[in-house]
J.: 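Please find one structure pasted underneath; my questions will follow.
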Amino acid sequence: MADSFLFSGISLDRKRFAKDISRFKGKKDTVENPIFLDNVNVETKDGEQLDVARGNKKRKRKLNEHDVKSFSVFKRCNRKPKNEEDDHQESEISQGKKEYFRQLERDALSRKKHNIHVSGSNIPSPLESFVELKSRYKCKSYLLRNLAELGFRELTPIQMQAIPILLSGRECFACAPTGSGKTFAFLCPILMRLKHASKDGIRAVILCPTRELAAQTARECKKLAKRNKFYIKLMTKQLVKSADFSKLQCDILISTPYRVRAAVRKKKLNLSRVEFLVLDESDKLFELGLVKQVDSVVKACSNPSIVRSLFSATLPDTVEELARTIMHDAIRVIIGRKNSASECIKQKLVFVGSEEGKLLALRQCFAESLNPPVLVFVQNKERAKQLHDELKFDDIRVDVIHSDLNEIQRENAVDNFRAGKTWVLIATDVIARGMDFKGINCVINYDFPDSSAAYIHRIGRSGRAGRSGEAITLYTEADTRYLRNVANVMTASGCEVPSWIMSLPKLKWKKHRPHRHAISTKLKDEEE
DNA sequence: AAAAAAG
């Protein structure tokens, strides 16, 4: 089996191996298409498990001939950026270097003002306003009208920078806080570049880690595309089963990776004409169980001039390093500080002693002030069910969502919560990422999160689009060892943390989380 | 380590 160059990319030090690289550069390669993630050996020869998204770099291999070959494949696939609309920088050089440097200065100032950090070559200037979207990039009026109707007034920093990058056909990875408008940042350039429906087949694919997020993205996309003929399809069970699925007219396909892979394998889907591929919540998509599926989708998108982009609120170094070695001259955009929480959320820590204290604390919290809608996160499905059973007889409209429910049940849970019929939604991490519920007032971490990223995404369900929000994290004696990790996120986003917590030792998240026994008032005596 | 991805 061929070694993965996905993982070899991590340990590739260009300077150190410059000699070896030049030695192999002239050689003919055996790979025909540029591939994003080829041959992902999640299980290596030694049987070790590698998980990029969790920053697991257990195995560092020495560079061998195969790696160098693979590397040179990427080098040679580098395309020239398509500078159709965005060659104003180029022309300004010819007009005079002075004006060019003035523009660079303006860009730098604008980026500083909006807390935009970029790296990469030849980066398009950030946009200042929707007006500029029209003047600089000839945005069609239907889109501007939809934007106005949907209440878009100003561009957010991620939109200012990511939109011009994608419009100029450049690849990018973008890291911006939860609720800061990432979805629009990739939908807008896709709609603008595809212009209108065509019979060419699928031209844009958006991958999301959960069905709920895919559904939400599809809905947003349809709203934005109103007044223009576009075929925007959400891949559901129904759609795949439908008889003429292979003849489906579709411009933009939104799905979870598994379904796309399955359809591609059955030759029901042709992705060779895809021009845009977005990996939303990319760090999640790079996790152990998902990365293989994502890889096969990326491979199926064989169009050499494809524009790929990664979006997330959390971007671990490992994922970024990996993507950097294999993407085409990608631009990196970070808004604010990397891996930080939204600053609109008031974050609190509450000590509950032991597991038994949690239920009491939660009821107390509801008794004091129940300000719906409220989201309660627990560690796993079992606990979600238990907590729901415990609370459903209280005088609260409570519901639960986790992956053991079927597609319709899950959809209903989300819809009822959106409609305000449910006040308190108990959830696993299924809906921790990307979901945009209107004005969630409070997120409660009933169970301590499994990672800083999980924490950031969970609490990011509130405090969206500039609104304020509240996040309460319950912690037990057993959780105190990981408290510092959450506390770091809190201080980084401007929340106060007691000094004794900040003086705790810096402990890495451990794999073996404290075992939590059942949530039940009846069981309490037996446990003790 | 668990959750999620789906047949």
Side-chain angles (χ1 to χ4, degrees), chain A residues 40 42 48-56 58 205-217 234-241 245 253-266 268-269 279-298 312 314 375-387 400-411 413-414 426-435 445-455 457-458 461 478-479 481-482 485 507-517 519:
Chain A
V40 181
V42 177
E48 272 178 312
Q49 294 269 303
L50 289 162
D51 193 344
V52 188
R54 292 196 58 82
N56 252 339
K58 274 192 197 159
V205 173
I206 299 164
L207 291 184
C208 307
T210 61
R211 297 197 283 249
E212 279 74 18
L213 186 55
Q216 177 184 286
T217 308
L234 171 68
M235 239 175 129
T236 56
K237 224 181 231 168
Q238 274 184 330
L239 184 72
V240 179
K241 274 185 184 166
F245 176 63
L253 184 71
I254 301 158
S255 175
T256 51
Y258 195 95
R259 279 186 179 153
V260 184
R261 184 181 75 168
V264 169
R265 284 191 173 170
K266 288 180 194 155
K268 282 184 168 184
L269 217 54
L279 306 184
D280 198 8
E281 305 296 346
S282 41
D283 53 328
K284 184 78 193 171
L285 290 175
F286 274 70
E287 269 185 25
L288 203 60
L290 284 165
V291 70
K292 271 186 159 178
Q293 303 165 22
V294 173
D295 180 47
S296 43
V297 176
V298 173
S312 186
T314 50
L375 252 176
V376 179
F377 282 107
V378 292
Q379 195 184 23
N380 56 37
K381 296 180 260 199
E382 216 38 58
R383 288 176 64 80
K385 291 172 203 165
Q386 290 164 0
L387 187 58
V400 65
I401 185 165
H402 51 75
S403 66
D404 273 358
L405 304 176
N406 67 35
E407 210 166 335
I408 297 154
Q409 289 171 315
R410 278 166 65 166
E411 208 182 294
V414 170
I426 299 161
T428 59
D429 283 332
V430 224
I431 54 160
R433 280 170 176 266
M435 294 308 292
N445 287 316
Y446 189 85
D447 290 335
F448 209 70
D450 278 352
S451 66
S452 311
Y455 177 75
H457 286 283
R458 279 177 174 193
R461 294 320 97 213
D479 295 323
R481 3 187 3 199
Y482 309 103
N485 296 296
L507 246 174
K508 283 213 164 173
W509 296 94
K510 249 186 120 188
K511 280 185 184 167
H512 302 280
R513 310 270 21 258
H515 175 253
R516 306 187 199 281
H517 29 79
I519 302 171

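Every chain is numbered from 1, with letters handed out A, B, ... down the list of sequences. This is a predicted model, so every value here is computed, not measured.
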J.: Atom CZ of A:R458 to atom P of B:dA3: distance rounded to whole Å?
T.: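 Roughly 11 Å, once rounded to whole Å.
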J.: How long is the line joining CG of A:N406 and P of B:dG7, in whole Å?
T.: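 It is 13 Å, rounded to the nearest whole Å.
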J.: Could you tell me how far apart A:H457 (NE2) and B:dA2 (C1') are, to the nearest whole angstrom?
T.: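 Whole-Å distance recorded here is 16 Å.
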J.: Is the side chain of A:N485 donor-acceptor paired with the backbone N or O of A:L507 at a distance under 3.5 Å, no angle test?
T.: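 Checked: pair present.
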J.: Can you tell me which nucleotide in B:dA4, B:dA3, B:dA6 comes closest to the side chain of A:N380?
T.: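 Among the listed nucleotides, the one closest to the side chain of A:N380 is B:dA3.
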J.: Is there a side-chain contact between A:H457 and A:E281, using heavy atoms and a 4.5 Å cut-off?
T.: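 The answer is yes; the side chains approach within 4.5 Å.
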J.: Between atom NZ in A:K284 and atom P in B:dA2, what is the gap in whole Å?
T.: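 After rounding, the gap between these two atoms is 13 Å.
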J.: Look at A:K241 and B:dG7 and indicate whether a side-chain polar atom (N or O) is within less than 4.0 Å of OP1 or OP2.
T.: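 So the side-chain polar atoms of A:K241 never come under 4.0 Å of the phosphate oxygens OP1 or OP2 of B:dG7.
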J.: Could you check whether A:E287 pairs with A:K284 (Lys NZ or Arg NE/NH1/NH2 to Asp/Glu carboxylate O, under 4.0 Å)?
T.: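 Looking at A:K284 together with A:E287, the answer is yes, because their closest N to O distance falls below 4.0 Å.
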J.: Whole angstroms only, please: what is the OH-C1' distance between A:Y455 and B:dA2?
T.: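 After rounding, the reported distance stands at 20 Å.
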J.: To the nearest angstrom, how far is A:F377 atom CZ from B:dA4 atom C1'?
T.: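 Answer to the nearest Å: 14 Å.
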J.: What's A:R433 touching, base or sugar-phosphate or nothing? Going by heavy atoms closer than 4.0 Å.
T.: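 Counting heavy atoms under 4.0 Å across all strands, no contact is made by A:R433.
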J.: Roughly how many Å is it from CG in A:L213 to C1' in B:dA3, rounded to a whole number?
T.: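 Taking atom C1' of B:dA3 as the reference, CG of A:L213 is at 15 Å.
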J.: Less than 4.0 angstrom from a charged side-chain N to a carboxylate O is my criterion; do A:R433 and A:D283 meet it?
T.: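 Salt bridge: yes.
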J.: Reckon A:P209 touches a base, only the sugar-phosphate, or nothing at all at heavy-atom distances under 4.0 Å?
T.: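 Sugar-phosphate, backbone atoms only, no base.
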J.: Taking CD from A:Q409 and P from B:dA4, how many angstroms apart are they, rounded to a whole number?
T.: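 In whole Å, B:dA4 P and A:Q409 CD are 14 Å from each other.
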J.: Should A:T256 be listed as having a side-chain N or O under 4.0 Å from OP1 or OP2 of B:dA4?
T.: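 False: A:T256 side-chain N/O out of range (4.0 Å or more) of B:dA4 OP1/OP2.
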J.: Which of the following nucleotides, B:dA2, B:dA6, B:dA4, is nearest to the side chain of A:Y258?
T.: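 Within the option list, the nearest is B:dA6.
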J.: When you measure from the side chain of A:R259, which nucleotide among B:dA2, B:dA4, B:dG7 comes out closest?
T.: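 Looking only at heavy atoms from C-beta outward on A:R259, the closest nucleotide is B:dG7.
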J.: Under 4.0 Å between a side-chain N/O of A:R211 and OP1 or OP2 of B:dA6, yes or no?
T.: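 Yes, A:R211 has a side-chain N/O under 4.0 Å of OP1/OP2 on B:dA6.
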J.: Using the six-membered ring of A:Y455, assess whether NZ or CZ of A:R458 lies under 6.0 Å from its centre and within 45 degrees of the ring axis.
T.: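 Judged by the rule, A:R458 and A:Y455 form no cation-pi pair.
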